[in-house]
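Single-structure report; data block below.
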Protein chains: 2
Amino acid sequence: MAWTLDDSRPIYLQIEDLIKANIIAGVYQPGQKLPSVRDLAAEAAVNPNTMQKALSELERSGLVYTQRTSGRFITEDVSKMTELKEQIAREQIQLFLKNMEQLGLSREDIRRLLEKEWKEES
Amino acid sequence: MAWTLDDSRPIYLQIEDLIKANIIAGVYQPGQKLPSVRDLAAEAAVNPNTMQKALSELERSGLVYTQRTSGRFITEDVSKMTELKEQIAREQIQLFLKNMEQLGLSREDIRRLLEKEWKEES
DNA sequence: ATTATTGTATTACTTTATTAATACAATAGA
DNA sequence: TCTATTGTATTAATAAAGTAATACAATAAT
């Protein structure tokens with residue numbers, strides 16, 4: 001795992017995003033045990049508390065869970081992962097539409113701009 | 001103008017967004033003079049410096065400009081307004097697409113989800 | 001020329017967020 | 001039972017952000 005951190009945002013947030021992306025991308029498999037807080041912290045060269053914070057935040061998403069003294073695991077509940085993904089997608093969409101509408105753009109405008117963007121980038 | 005502020009985000013940002021929205025929505029007309037920093041601050045019941053910060057931030061967008069001792073004005077440059085609007089839209093779209101792709105969603109997925117959202121809300 | 005009004009700069013206070021040091025608690029494993 | 005390993009809680013130190021008090025500077029209006 002490439003722990004490329006900068007100081008543009010809080011470290012714990014960057015870590016949280018990195019791990020989350022890896023889970024969603026399937027780098028970590030369902031049920032897999034994560035390294036311990038201390039090991040992850042050493043690996044990423046951050047204070048253990050910082051890693052702890054990142055992980056406990058991540059936990060709120062339901063992507064990982066804790067077993068008191070055994071460690072942390074990626075959820076085996078694949079449907080929960082799907083659910084979460086859909087929920088995030090819905091939120092993203094609603095936020096996006098709200099922002100675009102505040103700019104005074106119609107649905108047709110939005111469709112047009114999206115297709116234009118896609119045409120340009122590929 | 002309804003200065004409904006809460007403490008979920010910095011006051012100066014909320015003010016900036018409110019004014020920006022009003023400009024884009026046409027509540028403030030091109031060339032129109034804004035009330036003075038102190039008057040706006042009184043109206044919104046905030047410290048003048050807070051209003052000053054909101055306005056100077058807003059200025060960076062080019063939507064308003066300052067004449068040293070006369071006050072602040074909405075830009076007459078309508079094309080600048082259009083330009084800005086298009087730029088913001090482009091940024092919003094690119095950010096949105098980046099986020100959706102990180103979730104592993106294809107273009108077709110995105111099209112489908114957007115139409116679904118629209119169908120549901122109207 | 002004087003004054004009132006404008007935006008701005010400087011400085012300090014306060015609060016919040018972030019990171020770190022350290023101690024605690026639970027239990028798996030030997 | 002004992003020990004090493006796990007996550008967690010508490011507290012403190014530091015840094016950053018936000019807000020406010022006050023003084024300054026420029027000029028339009030009189």
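All values derive from a computational prediction rather than experimental measurement. A, B, ... follow the sequence lines: proteins, then strands. Residue 1 opens every chain.
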(request) Please state how far atom CD in A:Gln67 lies from atom P in C:dT27, giving the value in whole angstrom units. (result) 11 Å
(request) Rounded to the nearest angstrom, tell me the gap between atom CE in A:Met51 and atom P in D:dG7. (result) 11 Å
(request) Round to the nearest Å and state the distance from A:Glu57 atom CD to D:dG7 atom P. (result) 17 Å
(message) Regarding A:Lys98 and A:Glu101, does a basic nitrogen lie under 4.0 Å from an acidic carboxylate oxygen?
(response) no
(message) In whole Å, I'd like the distance from the CG atom of B:Asp39 to the C1' atom of C:dG7.
(response) 13 Å
(message) Check this for me, if you would: do A:Arg107 and B:Glu121 make a salt bridge, where the nitrogen-to-carboxylate-oxygen distance has to be below 4.0 angstrom?
(response) yes
Could you list all N or O pairs between the protein and nucleotides 27-30 of chain D that sit under 3.5 Å apart?
{"from": "D:dT27", "atom 1": "O4'", "to": "B:Thr69", "atom 2": "OG1", "distance (Å)": "2.8"}

(request) Quick one: do B:Arg111 and A:Glu115 satisfy salt bridge (Lys or Arg N to Asp or Glu O under 4.0 Å)? Show the steps, please. (result) CA-CA 10 Å; B:Arg111 284 195 195 90; A:Glu115 297 300 335; 2.7 Å; yes
(message) Nearest whole Å is fine: how far is D:dT8 C1' from A:Leu55 CG?
(response) 12 Å
(message) Any side-chain to backbone donor/acceptor pair from B:Gln102 onto A:Ala21? Under 3.5 Å, distance only.
(response) no
(message) From CD of B:Gln52 over to C1' of C:dA9, roughly how many Å is that when rounded to an integer?
(response) 9 Å
(request) Would you please test B:Met100 and A:Ile93 for side-chain contact (heavy atoms from CB on, under 4.5 Å) and show each step? (result) CA-CA 9 Å; B:Met100 296 303 270; A:Ile93 285 177; 3.8 Å; yes
(request) Side-chain contact test, heavy atoms from C-beta onward, threshold under 4.5 Å: evaluate it for A:Leu63 versus A:Tyr28 and give yes or no. (result) no
(message) Nearest whole Å is fine: how far is C:dT5 P from B:Leu40 CG?
(response) 16 Å
For nucleotides 16-23 of chain C, list the nitrogen or oxygen atoms of the protein found under 3.5 Å from its nitrogen or oxygen atoms, one pair per line.
{"from": "C:dT18", "atom 1": "OP2", "to": "A:Tyr12", "atom 2": "OH", "distance (Å)": "2.8"}
{"from": "C:dT19", "atom 1": "OP1", "to": "A:Ile11", "atom 2": "N", "distance (Å)": "2.8"}
{"from": "C:dA20", "atom 1": "OP2", "to": "A:Thr50", "atom 2": "OG1", "distance (Å)": "3.3"}
{"from": "C:dA21", "atom 1": "OP2", "to": "A:Asn47", "atom 2": "ND2", "distance (Å)": "3.3"}
{"from": "C:dA21", "atom 1": "N7", "to": "A:Asn49", "atom 2": "ND2", "distance (Å)": "3.1"}
{"from": "C:dA21", "atom 1": "N6", "to": "A:Asn49", "atom 2": "ND2", "distance (Å)": "2.3"}

(request) Determine, for B:Asp17 against B:Lys20, whether the closest basic-nitrogen to carboxylate-oxygen distance falls under 4.0 angstrom. (result) no
(message) Main chain of B:Lys53, side chain of B:Ser56: is a donor-acceptor contact present, judged purely on distance under 3.5 Å?
(response) yes
(request) Look at the side chain of A:Glu117 and the backbone N and O of B:Gln94, then say whether any donor-acceptor pair between them is shorter than 3.5 Å. (result) no
(request) Using a strict 4.0 Å threshold on nitrogen-to-oxygen distance, state whether B:Arg60 and B:Glu57 make a salt bridge. (result) yes
(message) Need the bend value for the helix from C:dA1-D:dT30 to C:dA30-D:dT1: angle between end axes, 5 pairs each end, nearest 10°.
(response) 10°
(request) Check for a donor-acceptor pair, side chain of B:Asn22 on one end and backbone N or O of B:Ile19 on the other, with a separation under 3.5 Å. (result) no
